[in-house]
Amino acid sequence: MSIIGHFRREGDGFTGRIAALGLDATLRLTPAHRVSAKGPDFIALVGDATEVGAAWKAGDTSGALLNIKLDDPTWAEPVNARLMAAEDGVFPLTWIRRSDPLEKAAAPPPSD
């Protein structure tokens, strides 16, 4: 996992900066108005109103606060990340590489 950003609590959401090779943006995670049980807990915004993704409260023991999916029309695929818990109030955002089950299924079986 690579750290691609750092966030701080701001009111009832989070604000931080994401920086990677092709990405440099200030991002806000603001509470979402959930319309279903599977709906996101937060909406990811760049600027005042440009929605670029969503986040869900983590329900596992990984130490993550939020599981985040960011997307942009210029990207080949969405970015999956986790906002991790931290004691110092600066929450690291870690990028998670998607494992592609299709690639694994397409691999030839080992020869005996």
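The structure displayed is predicted, hence computed values, not measured ones.
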With a 4.5 Å cut-off on side-chain heavy atoms, are Trp95 and Asn80 touching? no

Applying a strict under-4.5 Å side-chain criterion to I, L, V, M, F, W and Y, I'd like to know whether Leu65 and Ile4 cluster together. yes

Do the side chains of Leu70 and Leu27 get nearer than 4.5 Å, heavy atoms only? yes

Contact between Arg17 and Asp24 at the side-chain level, heavy atoms closer than 4.5 Å - yes or no? yes

Which atom pair, heavy atoms only, marks the closest approach of Pro92 to Ala86? CD-CB, 4.0 Å

Which residue pairs pass the ring-ring contact (aromatic ring centres under 6.0 Å, His included) test when at least one of the two sits in residues 58-84, sequence neighbours left out? none

Measuring only between side-chain heavy atoms, which start at C-beta, is Lys69 closer than 4.5 Å to Val79? no

Leu83 side chain near Phe14 side chain, heavy-atom distance below 4.5 Å: yes

Is the shortest side-chain heavy-atom distance between Thr15 and Arg8 below 4.5 Å? no

When you compare the side chain of Ile68 with that of Trp56, does any pair of heavy atoms fall below 4.5 Å? no

Please report, to 0.1 Å, the donor-acceptor pairs under 3.5 Å made by any side chain of residues 47-55, with sequence neighbours excluded.
none

Under a single-linkage definition using a 4.5 Å side-chain heavy-atom cutoff for Ile, Leu, Val, Met, Phe, Trp and Tyr, are Leu93 and Val46 assigned to the same hydrophobic cluster? yes

Treating Arg9 as the side-chain partner and Asp12 as the backbone partner, does any N or O pair qualify as donor plus acceptor under 3.5 Å? no

Taking all non-hydrogen atoms of both residues into account, name the closest pair between Arg82 and Asn67 and its distance. NE-OD1, 3.0 Å

Non-hydrogen side-chain atoms of Leu29 and Leu66 separated by less than 4.5 Å: yes

